[in-house]
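Scroll down for the structure; my scribbles are underneath it.
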Amino acid sequence: EFRRFSLERSKPGKFEEFYGLLQHVHKIPNVDVLVGYTDIHGDLLPINNDDNYHKAVSTANPLLRIFIQRKEDADYSAFGTDTMTRKKNVLSNVLRPDNHKKKPHIVISMPQDFRPVSSIIDVDILPETHRRVRLYKYGTDKPLGFYIRDGSSVRVTPHGLEKVPGIFISRLVPGGLAQSTGLLAVNDEVLEVNGIEVSGKSLDQVTDMMIANSRNLIITVRPANQRNNVVRNSRTSGSSGQSTESSLPSSTPNILGNLLQGEEESDEEDIIIEDSGEPQQIPKAAPTSESIESLSQIELLHESTQNGFLPSSELSLNHSAGSISMEYEEPEPGRKSLEEEGTIITL
Amino acid sequence: MRRFLRPGHDPVRERLKRDLFQFNKTVEHGFPHQPSALGYSPFLRLMAIGTRSGAIKLYGAPGVEFMGLHEENNTVMQIHFIPDQCQLVTLLDDNSLHLWSLKQHGGASELREEHRFTLKGPPGSPPSATQVTAVLPHSSREVLYLGTESGNIFVVELPSFRVLEDRTISPEAVLQRIPEDNCNRRSCELVEALREHPKNPDQILIGYSRGLIVLWDLQNNKATHHFLGSQQLENLYWQRDGSKFISCHYDGSYTQWPVSSDNRQPEPLENTVPYGPFPCKAVSKIYWQTTKNGLPYIIFQGGMPRASYGDRHSISVIHGSQQTAFDFTSRVIDFFIIFSSDPAAEFDDPSALVVLAEEELVVIDLKSAGWPAVHPPYLASLHCSAITCSHHVSNIPLKLWERIISAGSKQNIHYSSMPWPIDGGTNIAPDPPQRDLLLTGHEDGTVRFWDASGVCLHLLYKLSTVRVFLTDADPNDNMNTLGEDEWPPLRKVGTFDPYSDDPRLGIQKIYLCKYSGYLAVAGTAGQVLVMELNDEDAEHMVDHAEADLLQDQEGYRWKGHEKLRTRDGPVRFEAGFQPFVLVQCQPPAVVTSLALHSEWKLVAFGTSHGFGLFDHQQKRLVFVKCTLHPSDQLALEGPLSRVKSLKKSLRQSFRRIRRSRVSSRKRRGGSGNASEVQEANAKFDQDALQEMELAPVQRKIEARSAEDSFTGFVRTLYFADTFLRDSSRHCPSLWAGTNGGTVYAFCLRVPPAERRMDEPVRAEQAKEIQLMHRAPVVGILALDGRSTPLPEPLEVAHDLSKSPDMQGSHQLLVVSEEQFKVFTLPKVSSKLKLKLTALEGCRVRKVTVANFGSCKTDDYSENDLAVLTNLGDIQIISLPFLKLQIRYPCIRKEDVSGIASCVFTKYGQGFYLISPSEFERFSLSTKWLVEPRCIVDVPEVTSNNHVHNKSGTENAARKSRSPGDCGEDERKSGKLMEHALLNDEKVLKEIQSTLEGGR
């Protein structure tokens with residue numbers, strides 16, 4: 001259904017009113033809907049509060065195209081997501097049949113469709129002066145981007161105040177992940193790396209630990225600026241942070257948790273390419289359970305390949321891997337080749 | 001649930017661990033770094049060497065060694081044994097004296113420090129008043145005479161070090177008793193030498209540095225004779241009968257003086273400048289030895305003509321018309337002569353000259369014609385050419401052992417056949433459990449084969465790869481070509497030669513198959529040589545092959561060194577390992593990994609560009625694989641591209657200097673106003689401070705990406721007969737691991753023995769594993785169905801190993817610098833892992849499978865991984881479950897070269913360099929422990945009976961010896977010693993530079 005109506009650009013009013021207006025215009029007063037609009041780049045963006053409503057109205061030029069979906073059967077993934085699979089499965093099939101188009105498709109969607117880049121965790125178990133930050137490293141597009149140094153901090157010990165050596169963040173790379181989260185700052189003292197205390201460890205040791213954990217880095221810091229600390233009683237579950245990127249509704253930690261689980265697994269897994277020159281020796285088919293496994297894992301594979309974890313040289317050098325290189329582009333043919341040629345890719 | 005069970009809580013396992021593992025640093029092999037003093041006891045027949053780091057090491061018969069360390073870590077200046085005692089006194093450069101003694105404890109002798117003492121002068125006296133310059137332990141064993149800079153000679157009682165003030169011989173007292181008025185106060189400054197009369201213990205000869213020599217009567221406290229030398233005195237030596245003595249001087253002369261009762265102020269008998277008439281360097285020490293035939297030996301250090309040979313380190317021996325100046329490649333620290341120690345003997349009859357040079361010990365046989373050198377059984381100069389790599393082979397079959405020894409003995413014909421003259425003490429350590437070889441590769445292209453079975457690391461055989469190549473220097477150039485009438489009669493001795501003709505000759509990897517006698521050696525310029533042991537000299541062609549590791553990679557330029565040029569035509573090789581194939585990698589980058597399979601007759605080699613497989617039976621290259629990432633410019637261009645960064649850093653430092661100059665000029669040029677200058681100064685300081693704060697030591701935290709350089713660098717190669725493709729058929733395979741965390745597996749088809757020459761070896765890539773954490777792969781290992789590591793090639797054929805279990809499923813262990821991972825085979829899926837770096841921040845530097853036997857029962861042994869981390873810790877990790885068993889701190893983490901040089905044995909021992917010239921040996925096993933254990937008999941010259949009794953107890957001690965029972969102190973001091981060495985910044989740098997130089 002298409003409806004056309006006008007709004008006063010200078011006085012758009014509140015989102016509530018607008019929502020009411022939409023329900024009225026479409027004659028769906030008791031149906032929960034998702035509201036979205038296309039911005040100047042053609043991206044589908046949600047309207048769910050006053051701010052983005054105002055933003056949407058301000059971008060109208062002069063028309064504003066609004067999309068309304070019933071909430072029950074809403075396709076959340078139609079809103080911005082950047083996991084390849086979903087883009088392929090949903091967007092390429094539904095919205096953009098021509099998926100060879102180079103243009104990056106940026107859309108914004110519901111929180112669970114965001115890829116977390118950082119989060120504050122364990123707020124409930126840490127002292128208020130400490131902050132445990134999780135950085136998620138995807139691929140090579142954004143560097144972790146920080147430096148650490150040796151330093152000394154003052155601790156209260158049984159013998160009074162004592163100066164003890166510590167590890168500090170010395171520099172944030174502009175545009176890097178660490179800086180963009182806003183959760184880490186220069187002169188923050190690093191206390192733990194992935195649950196292991198750094199006290200007594202050398203700068204080089206801590207460096208190696210961080211790099212070894214770089215795919216899923218959890219650092220506990222004592223922020224140099226203690227004014228922005230989380231006030232504990234204001235939050236109960238506390239799995240969300242203060243950064244804009246990761247501000248999540250209170251119901252999301254579980255989803256996030258699942259997501260992280262998956263991440264954790266994937267960061268462990270290595271890529272194995274089995275090249276088979278003699279067709280008769282190739283196992284006929286993988287057991288069903290395994291193929292299901294590989295189905296569920298194919299996503300991870302793409303994540304990693306997309307992130308450049310398979311050096312392209314390897315693909316170009318290695319002729320027998322040619323079919324594999326195809327798989328990185330397109331999941332479906334990839335699976336086909338998997339069955340046809342018996343080349344097995346697991347993660 | 002199993003993963004939640006905490007490891008290490010099983011009491012049975014804990015007990016077993018105690019029976020299996022134990023960490024000991026057992027013995028130091030090689031030549032002490034920076035020796036500074038030498039002592040010898042003719043009575044004990046023990047030699048002592050002191051070092052600049054305060055260590056003192058005693059050596060006697062092979063296997064008899066003791067070590068001590070002065071707490072001060074100061075340079076040992078002098079060592080003096082107390083006559084006829086198991087005691088010695090050391091003088092350090094802080095002017096402290098230390099009394100050490102050898103005492104028996106628990107069936108073996110131990111070296112312990114008993115007392116220490118620093119001579120104190122009267123209050124207000126300058127430090128020179130008590131600065132000890134000469135030490136004379138008196139034959140009465142009760143007192144020590146200490147000559148000082150001030151000319152005073154103090155007498156201290158032993159062992160209490162109590163100063164007997166009434167017996168001090170002051171310069172005033174000496175001058176009073178000398179009638180001549182041409183002796184003034186100054187002629188008694190600085191005591192150079194103190195010598196006891198050989199026949200009359202009441203007389204000592206005092207030599208003052210300005211040339212005055214006084215024979216002092218201790219009983220009557222007076223000078224019986226005095227001798228006026230015209231030259232500055234260096235040293236003195238008595239003739240055996242005490243009728244004459246000899247003095248040596250700063251101008252290169254020596255003088256003989258008569259001592260007779262009728263003349264109180266004798267004139268010199270003879271004054272000689274042996275290498276005159278032109279100005280000569282000082283003769284710093286001299287010996288005068290009598291012989292039966294009447295012709296004395298005069299042996300002295302230095303005295304070379306200043307202008308033409310002033311830079312030589314020489315010791316001259318004159319015997320009648322024979323004269324030789326032994327020419328050493330490093331500074332002479334000290335020397336002594338071994339002569340008849342029987343006090344009743346009429347003549348000295350010197351048998352050997354023992355010279356401690358800075359870098360080696362040289363012993364010359366004075367009894368044989370031509371004065372040949374004696375081959376030392378210990379104190380080998382490991383660093384005669386810098387060590388570039390090492391390889392250990394345990395349990396050598398007797399046949400190979402004998403063949404290597406026989407090849408080595410042919411090289412040693414120019415050595416004297418004299419038995420080792422320093423033979424004090426008794427070695428009571430049990431015979432070494434097995435024959436072990438340590439192979440060291442050197443910068444000059446040689447491989448040295450050391451007998452590493454026991455306490456004495458000695459050279460069995462030296463292999464040179466130089467003959468295969470054309471180098472700028474003709475090997476015959478360096479030979480001693482001095483003619484008959486050449487003067488001075490210099491003769492080069494010793495083996496220390498730190499100069500390499502061509503650094504490309506450097507040996508980087510060694511692989512010896514102990515069953516077949518095949519040896520593969522690879523070097524800095526991409527050369528891989530395969531050799532075979534031949535008991536005869538032979539002249540033959542060396543087959544050449546090239547392996548282009550870049551393959552089709554276009555447009556890359558190798559800016560590194562060129563390959564070595566090879567000799568055309570047949571080459572003559574001496575008996576021993578003789579090369580028959582040379583594989584040259586292209587580009588000629590340093591070979592970074594090497595593996596040899598003697599059963600399949602294949603050799604695999606890898607560089608920073610890729611790896612290749614060569615069939616040395618058919619002499620055919622099987623395949624090459626390029627592992628390069630196209631963006632890895634650094635690896636492609638070779639080492640020279642580093643120049644850029646060096647240039648850059650130079651430029652930066654220049655800029656910094658200029659900046660500081662400019663600012664200082666500004667300061668000066670400002671004006672005469674003092675306050676302004678001050679202000680500018682303060683500002684400058686502040687700026688400097690700020691600059692320092694801006695650039696603290698910081699580390700970048702960044703995930704490794706595929707674009708990092710040197711990802712293609714091949715770190716490890718491994719042959720295995722395992723299930724690579726399917727679980728029903730196993731096949732030969734080659735595995736390679738790279739710096740970028742990639743593992744390549746190739747399936748090989750080796751024709752059966754009867755068609756081995758007819759059909760080619762085939763290889764196909766079967767698998768490629770990319771570790772997600774991208775850390776360098778340092779080890780690959782296949783485990784059989786019983787989770788036992790696959791045996792070495794030919795091991796099963798020689799009935800030395802159970803054949804591997806080919807029924808159960810095999811597993812693959814991949815060790816990266818950061819993680820240990822076990823995968824299933826043939827379908828590769830991750831089974832187990834241990835993340836080392838993520839948890840501890842340390843990285844794997846060395847890893848080996850070691851077999852540990854229980855000290856309680858003979859029938860239990862297990863295989864574990866011995867791991868050395870970049871922090872210098874050693875960890876033992878169980879197989880196949882990858883559980884950390886135990887951890888020992890071993891090497892200081894700052895000691896990068898020590899860590900890099902570490903090599904493990906197959907039975908839980910190991911070696912690492914504590915200095916360029918010394919290996920520390922350590923043991924992780926309770927069962928295999930090689931450490932010195934020896935007895936020095938308490939000397940009771942008169943009672944033969946007593947000596948007999950001693951040997952009785954010694955036998956008993958030998959029987960009662962248990963492996964766990966060893967000197968705690970000795971171990972402790974070993975650790976201290978190493979610490980002392982590595983505290984020395986310079987030493988560290990030196991070690992590092994040698995190691996880097998090899999790369």
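Chain identifiers are assigned alphabetically (A, B, ...) following the order of the sequence lines, protein sequences preceding nucleic acid strands; residue numbering begins at 1 within each chain.
- When heavy atoms are compared at a cutoff of 4.5 Å, B/Arg699 approaches chain A by way of both its backbone and its side chain.
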Q | Derivation of the side chain to side chain donor-acceptor pair (under 3.5 Å) call for A/Ser119 and A/Tyr136 | A | CA-CA 9 Å; A/Ser119 56; A/Tyr136 307 87; 3.1 Å; yes

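- Between the side chain of B/Gln770 and the backbone N or O of A/Ile272, no donor-acceptor pair lies under 3.5 Å.
- Most heavy-atom pairs under 4.5 Å with chain B, from the set A/Leu217, A/Thr207, A/Asn194: that is A/Thr207.
- Residue B/Leu836 does not touch chain A at all, counting heavy-atom pairs closer than 4.5 Å.
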Q: Apply side-chain contact (heavy atoms from CB on, under 4.5 Å) to the pair A/Met209 and A/Ile196, showing each step before the final yes or no.
A: CA-CA 9 Å; A/Met209 283 167 69; A/Ile196 294 148; 3.7 Å; yes

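- A donor-acceptor pair under 3.5 Å is absent between the side-chain atoms of A/Asp208 and the main chain of B/Thr837, judged by distance alone.
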